[in-house]
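The analysis underlying the following values was restricted to heavy atoms, covering all of them including side chains, and did not include hydrogens, waters or symmetry mates.
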Amino acid sequence: MLVKDWKEFLIPYEQAVEELKVKFKSIRKQYRSKNEYSPIEFVTGRVKEISSILEKAKKLDIPLNKISDEMEDIAGIRIMCQFVEDIYKVVQIIHQRDGRDLKIVYEKDYVKNKKESGYRSYHIIIKYPIQTTEGELEILAEIQIRTLAMNFWATAEHSLNYKYKQSIPDEIKERLKKSAELAFLLDQEMSSIKEEIIEAQKMFETKSSIISDILDNIITLYSLGKVSESKDLQDKFNKLLEYGDMAELKALLDESNDKVQFCRINLFQLE
């Protein structure tokens, strides 16, 4: 297959990756727009490099004309979660889409059934329909779902496999296994204080939203010609930003909302 042919061959896979990334990021956004905790922390995706495709095809004895039918991970999506239990919530979300905008081929739970190396992740192989100039094309794609700790470990192991050409020295293998267990212990410990972590994150998001709204109101008052009111709110805001609590920030937001509304009503009456 020529380089030009390879580029054309990979276009549907690139399209699949981009579409799937948008869909899962949209799910995360929907959770957050409703002020709900999202099991999806962030989403990444990639299309295998041509060199990696050829290497894997040779290793698995896959003919070039059978690559699209037999190689499952040319298109890859990775969904990162904060907690182990979030992995299974994401799996449920994908199951709910099965038969709608994707088809599940099979699954591998390496979270409960870790690999010998210590690797943990949840893999779902799907068929995903792509609209092309020649009609609909169904391609295989792999979705990996894991925690941030699992992803850190897997990235390190992948780099070592590349360095040692899949023949990592036994001593390093053992250290990798131990670090994999430590990473999983970290995940379990974080799960034990999940509610406290989520509550703290929500408080931070709420505070950030209040601060943003106050600043918007300060700018609005200034643009409406209420310079003294704008400056007064800015001074109060500067003091609260350093020493104030959430209740005081909410009170300032209410005050700034009232001032903006009052100014707009007066302007409307003058017109």
Review point. For M203, does the CE atom sit with more than 12 other heavy atoms under 6.0 Å from it, leaving out its own atoms?
Key: no

Practice item. State, to 0.1 Å, how close A149 and A183 come at their nearest heavy-atom pair, and which atoms those are. Key: CB-O, 3.9 Å

Review point. Quick check: does any side chain N or O of R97 sit under 3.5 Å from a backbone N or O of I93, one acting as donor and the other as acceptor?
Key: no

Check your understanding: Would a 4.5 Å heavy-atom cut-off, applied to side chains only, mark E107 and H95 as touching?
Key -> yes

Review point. Can you tell if the side chain of N217 reaches within under 4.5 Å of the side chain of F237, non-hydrogen atoms only?
Key: no

**Study point:** Stepwise side-chain hydrogen bond (donor to acceptor under 3.5 Å, both in side chains) test for S191 and E85
**Key:** CA-CA 8 Å; S191 290; E85 51 267 39; 2.9 Å; yes

Practice item. Would you tell me whether Q30 and R32 have side-chain atoms, one donor and one acceptor, within less than 3.5 Å of each other? Key: no

Exercise for review: Take D101 and K23 through the test salt bridge (charged side-chain N to carboxylate O under 4.0 Å, His left out) and record every step on the way to the result.
Suggested key: CA-CA 10 Å; D101 60 347; K23 288 182 178 184; 3.1 Å; yes

Point to revise | CA sep, side-chain torsions, deciding dist, call: R78, V43, side chain to side chain contact (heavy atoms under 4.5 Å, CB included) | key: CA-CA 6 Å; R78 191 168 295 159; V43 183; over 6 Å; no

Check your understanding: Would you say E116 has more than 12 foreign heavy atoms packed within less than 6.0 Å of its CD?
Key -> no

Point to revise | Residues, nucleotides or ligands: over 12 heavy atoms within 6.0 Å of K115 NZ | key: yes

Practice item. Look up atom NZ in K127 and atom NZ in K103, then write down how far apart they are to the nearest 0.5 Å. Key: 7.0 Å

Point to revise | Joint hydrophobic cluster, F42 plus F204, side-chain heavy atoms closer than 4.5 Å | key: no

Point to revise | Donor-acceptor under 3.5 Å (S212 side chain, S209 main chain) | key: no

Practice item. Answer yes or no: is there a side-chain heavy-atom contact under 4.5 Å between C81 and I145? Key: yes

Exercise for review: Side-chain contact test, heavy atoms from C-beta onward, threshold under 4.5 Å: evaluate it for M80 versus R146 and give yes or no.
Suggested key: yes

**Study point:** Inter-residue atom distance I79.CD1 - I124.CD1, 0.5 Å rounding
**Key:** 8.0 Å

Review point. What distance separates S256 OG from I210 CD1, expressed to the nearest 0.5 Å?
Key: 10.5 Å

Practice item. Before giving the answer on side chain to side chain contact (heavy atoms under 4.5 Å, CB included), spell out for D187 and F83 the whole-Å C-alpha distance, their side-chain angles and the decisive distance to 0.1 Å. Key: CA-CA 6 Å; D187 276 333; F83 306 101; over 6 Å; no

Exercise for review: Check the side chains of E199 and Q201 for a donor-acceptor pair under 3.5 angstrom, ignoring hydrogens and angles.
Suggested key: no

Check your understanding: Can you tell if the side chain of P129 reaches within under 4.5 Å of the side chain of L137, non-hydrogen atoms only?
Key -> no

Point to revise | Residue pair L182 / W153, side-chain heavy-atom distance below 4.5 Å | key: no

Practice item. Give a yes or no on whether the backbone of V111 and the side-chain of R120 come within a donor-acceptor separation of less than 3.5 Å. Key: yes

Check your understanding: Can you name the nearest heavy-atom pair linking I139 to A16, along with the distance?
Key -> CD1-CB, 3.4 Å

**Study point:** Short side-chain donor-acceptor distance under 3.5 Å, Y162 and E157
**Key:** no

Revision key, fill the gap. What one should report as the nearest heavy-atom pair of I77 and V17 is CD1-O, 3.6 Å

Check your understanding: When you look at S230 and Q234, which way does the side-chain hydrogen bond (donor to acceptor under 3.5 Å, both in side chains) test go after all the steps?
Key -> CA-CA 6 Å; S230 175; Q234 182 71 61; 6.0 Å; no

Review point. Given the rule in the side chain to side chain contact (heavy atoms under 4.5 Å, CB included) test, do L102 and I94 qualify, once you have shown the distances and angles that lead to the verdict?
Key: CA-CA 9 Å; L102 56 84; I94 296 171; 4.2 Å; yes

Check your understanding: So do Y164 and I172 actually touch side chain to side chain, heavy atoms under 4.5 Å?
Key -> yes

Practice item. Look at the rings of W6 and F9 and say which category their plane angle falls in: under 30° parallel, 30 to 60° tilted, over 60° perpendicular. Key: perpendicular

Point to revise | ILVMFWY cluster, I211 and L253 together (side-chain gap under 4.5 Å) | key: yes

Review point. Does the pair Y37 and Y31 meet the rule for a side chain to side chain contact (heavy atoms under 4.5 Å, CB included), with working shown?
Key: CA-CA 6 Å; Y37 173 75; Y31 272 103; over 6 Å; no

Check your understanding: Are V260 and I214 connected, step by step, through hydrophobic side chains (Ile, Leu, Val, Met, Phe, Trp, Tyr) whose heavy atoms are closer than 4.5 Å?
Key -> yes

Exercise for review: Taking the six-membered ring of F262 (Phe, Tyr or Trp), confirm whether the NZ or CZ of K259 is under 6.0 Å from its centre and within 45° of its axis.
Suggested key: no

Check your understanding: Does the pair R28/E41 count as a salt bridge with the N-to-O cut at 4.0 Å?
Key -> no

Check your understanding: Going through the distances and angles, do Q15 and Y128 end up as a side-chain hydrogen bond (donor to acceptor under 3.5 Å, both in side chains)?
Key -> CA-CA 10 Å; Q15 183 178 333; Y128 185 75; over 6 Å; no

Exercise for review: Look up atom OH in Y110 and atom OG in S117, then write down how far apart they are to the nearest 0.5 Å.
Suggested key: 10.0 Å

Exercise for review: Would you sort out whether K177 and E174 count as a salt bridge (charged side-chain N to carboxylate O under 4.0 Å, His left out), showing the intermediate values?
Suggested key: CA-CA 5 Å; K177 285 183 183 180; E174 286 304 311; 3.8 Å; yes

Exercise for review: Return yes when atom CD of E171 has more than 12 non-hydrogen atoms of other residues, nucleotides or ligands closer than 6.0 Å, and no otherwise.
Suggested key: no

Practice item. Mind listing the closest non-hydrogen atom pair of D69 and L140 along with its distance? Key: O-CD1, 3.4 Å

Review point. Hey, are K250 and D254 close enough for a salt bridge, meaning a charged N less than 4.0 Å from a carboxylate O?
Key: no

Check your understanding: Hey, is CD on E189 packed in by over 12 heavy atoms from elsewhere, all under 6.0 Å?
Key -> no

Review point. Got a salt bridge between K202 and E205, using NZ or NE/NH1/NH2 to carboxylate O under 4.0 Å?
Key: no

Practice item. Decide yes or no on side-chain hydrogen bond (donor to acceptor under 3.5 Å, both in side chains) for Y88 and D109, but give the supporting numbers first. Key: CA-CA 10 Å; Y88 295 98; D109 187 348; 2.9 Å; yes

Point to revise | Hphob cluster co-occupancy, L64 + I62, side-chain heavy atoms under 4.5 angstrom | key: yes

Point to revise | Minimum side-chain heavy-atom gap Y122-V90 below 4.5 Å | key: no

Review point. More than 12 foreign heavy atoms under 6.0 Å from CG of D245: is that the case here?
Key: yes

**Study point:** Salt-bridge criterion met for K194 and D86 (N-O under 4.0 Å)
**Key:** yes

Practice item. Find out if a path of hydrophobic residues (ILVMFWY) with successive side-chain heavy-atom gaps under 4.5 Å connects I126 to I130. Key: yes

Would you tabulate the side-chain donor-acceptor contacts of residues 44-52 under 3.5 Å, counting partners in other chains and residues two or more places apart, or write 'none'?
unit_1: R46; atom_1: NH1; unit_2: D73; atom_2: O; d: 3.0
unit_1: R46; atom_1: NH1; unit_2: I74; atom_2: O; d: 3.2
unit_1: R46; atom_1: NH2; unit_2: D73; atom_2: O; d: 3.1

Check your understanding: Going by an N to O cut-off under 4.0 Å, is there a salt bridge joining K231 and D235?
Key -> yes

Exercise for review: Indicate the atoms forming the closest heavy-atom contact of P39 with K89, along with that distance.
Suggested key: CB-CB, 4.0 Å

Practice item. Check the side chains of Q188 and S192 for a donor-acceptor pair under 3.5 angstrom, ignoring hydrogens and angles. Key: no

Check your understanding: Is E181 paired with K178 through a side-chain N to carboxylate O contact shorter than 4.0 Å?
Key -> no

